[in-house]
Amino acid sequence: MSRTARRGIERPPAFIYREQRSGLLRRKSESLALFCDEIPLQRLADSFGTPLYVYSATAIRERLQIFRHAFRRVPHTICYSVKANSSLGILRLIGAAGCGFDVVSGGEMERVLRVDRCAAKRVVFSGVGKTSEEMTAALKVRILLFNVESESELWALAECAARSKEKARIALRVNPDVPANTHPYISTGLQQHKFGVPIGEARKLYAQAAGNRYLEVAGVSVHIGSQISEVDPFSAAMERVADLVRELRRDGHRIDYIDAGGGLGIAYDQSESDDFEVSAGEYAEGLLRPLRGLRVHLLLEPGRAIVGPAGALLTHVLYRKTNKDKKFVVVDAAMNDFLRPSLYEAYHEIVPLRFRKQDALEKVDVVGPVCESGDFFARDRALPVTSEGDVFAILDAGAYGMALASNYNTRPRPAEVLVDGGSVRVIRRRETISDLLRGES
Ligand SMILES: *Cc1c(COP(=O)(O)O)cnc(C)c1O
């Protein structure tokens with residue numbers, strides 16, 4: 001195994017292996033145990049059961065700090081993208097660190113307000129299909145900015161604002177027609193994607209918006225996709241946005257904000273290095289270069305980059321089975337708990353909670369109990385030989401993990417715990433079957 005394990009050892013700071021001393025004499029043993037902050041993960045699996053999402057508060061705070069530091073030279077607000085992980089305990093932590101929020105539904109806005117009634121002034125609302133009810137609710141609490149994605153939405157918003165006797169602060173989300181080298185499902189900045197208004201049509205729409213007394217033009221917004229690991233697409237989009245801002249200002253609009261969206265990728269495969277200070281620094285440099293001299297307040301909507309590496313999903317081995325020469329490890333988590341491998345064929349590092357350096361490796365498929373062949377976490381992966389009952393951690397599961405979980409196969413969703421140094425808090429109890437059946441008749 002050494003591959004994953006050694007890399008595991010190198011992973012600072014959320015999930016790392018430590019030598020575990022055992023026995024009365026506390027002699028150094030050969031065995032390594034995976035920790036989250038100060039807590040051995042096996043203890044969490046024993047106390048709370050599996051599947052279990054575990055997050056490191058320290059890692060989330062640290063990543064926010066690094067991200068913020070990268071943009072320290074310009075006025076900016078981090079509006080954490082709620083859809084990456086919308087659990088209240090996570091939102092509370094991020095809100096307490098002074099961040100705003102990017103929401104894409106009335107439900108997400110409600111979550112943010114539950115955590116902090118006063119957070120509305122730091123909320124931006126994105127999404128191609130906002131309903132009148134959602135927009136009216138957002139107007140009522142006076143959010144910072146609506147990222148409007150179509151002409152029809154613009155007029156619907158103006159109507160809601162007129163009815164509420166409120167003025168809606170808007171940015172148009174422009175579609176810069178810039179390719180981002182990422183999975184097609186999470187690429188959003190090309191003209192064939194449903195997102196945003198074509199950048200060439202934006203000026204006309206801004207002029208129309210400015211003529212409406214219930215709309216207040218305040219910014220330009222863009223988001224070209226997710227899990228983008230190169231800087232060039234971000235820079236290219238920003239160049240187009242910067243040109244547009246200059247044109248709009250010449251047209252007489254007041255543009256205070258540029259919302260640069262999210263999308264900064266993380267290294268899921270540990271053969272790539274993941275030095276967040278480096279990647280956040282390069283990302284900031286790439287965004288800021290085209291904006292030089294523009295004097296705007298920058299809004300940033302990172303999701304994955306903040307919470308992804310700060311979370312892991314613990315799952316235990318139910319059964320081992322062999323079909324001819326194919327070996328399967330059947331675990332108790334499934335695609336309903338963690339969809340990324342099934343949906344995007346995403347690679348996630350899988351490591352045992354305990355291992356000894358001399359453990360042999362074997363090639364296995366790690367699969368869940370759901371009745372679909374697409375229900376897998378890894379295929380033909382070399383992992384240390386494990387026994388039934390052993391627990392694995394699926395790493396980098398903090399973003400788009402629990403947020404995408406479902407009840408497919410009538411499976412209750414996992415519990416979530418937040419580790420903060422030496423303390424552990426359950427931030428969502430495990431769902432029960434009766435939770436699932438409530439509301440049905
Ligand atoms: C999903 C999304 C984000 C966050 O993307 P990440 O890749 O998680 O950083 C930000 N802004 C908008 C509009 C989004 O849809």
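For ligands, and for the atoms within them, numbers begin at 1 and follow the listed sequence.
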| request: Answer side chain, backbone, both or neither: which part of E301 comes under 4.0 Å from ligand 1, heavy atoms only. | output: both
| Given that the side chain starts at C-beta and the backbone is N, CA, C, O, which of these parts of D102 lies under 4.0 Å from ligand 1, counting heavy atoms, or is it both or neither? | side chain
| query | Can you name the nearest heavy-atom pair linking H297 to H76, along with the distance? | reply | NE2-C, 3.4 Å
| query | What atoms of ligand 1 come within less than 4.0 Å of a heavy atom belonging to R173? | reply | 13 (C)
| Pair D332 + R411: basic N to acidic O under 4.0 Å | no
| message | Could you check whether atom CD of E277 has more than 12 heavy atoms from other residues, nucleotides or ligands sitting under 6.0 Å from it? | response | no
| Does even one non-hydrogen atom of G263 get within less than 4.0 Å of ligand 1? | yes
| request: Run the numbers for me: atoms of ligand 1, each under 4.0 Å from some heavy atom of S126, listed by number. | output: 13 (C)
| Electrostatic pair K83-E108, nearest N-O below 4.0 angstrom | no
| message | Looking at E345, I want to see if its CD is surrounded by more than 12 non-hydrogen atoms of other residues, nucleotides or ligands under 6.0 Å. | response | no
| Basic-acidic side-chain contact under 4.0 Å: R173, E149 | yes
| remark: Note: P302, heavy atoms under 4.0 Å from ligand 1, region reported as backbone
| query | Nearest to atom 8 (O) of ligand 1, what protein heavy atom do you find, and at what distance? | reply | Y400 OH, 2.6 Å
| said: Checking a contact table here: which protein heavy atom is nearest atom 14 (C) of ligand 1, and how many Å away? | reply: K83 NZ, 2.8 Å
| What atoms of ligand 1 come within less than 4.0 Å of a heavy atom belonging to R304? | 6 (P), 8 (O), 9 (O)
| task | Run the salt-bridge test on E153 and K130 with the 4.0 Å N-O cut-off and return the result as yes or no. | result | yes
| field | Test item: R413 and R428 side chains (from C-beta on) under 4.5 Å apart, heavy atoms | value | yes
| Can you list the ligand 1 atoms lying under 4.0 Å from a non-hydrogen atom of G303? | 6 (P), 8 (O), 9 (O)
| said: Looking only at distances, can you tell me whether any N or O atom of S81, backbone or side chain, sits closer than 3.5 Å to an N or O atom of ligand 1? | reply: no
| request: Mark up the atoms of ligand 1 that fall under 4.0 Å of a heavy atom belonging to S226, in ascending order. | output: 5 (O), 6 (P), 7 (O), 8 (O)
| query | With a 4.0 Å cut-off on heavy atoms, is F195 touching ligand 1? | reply | no
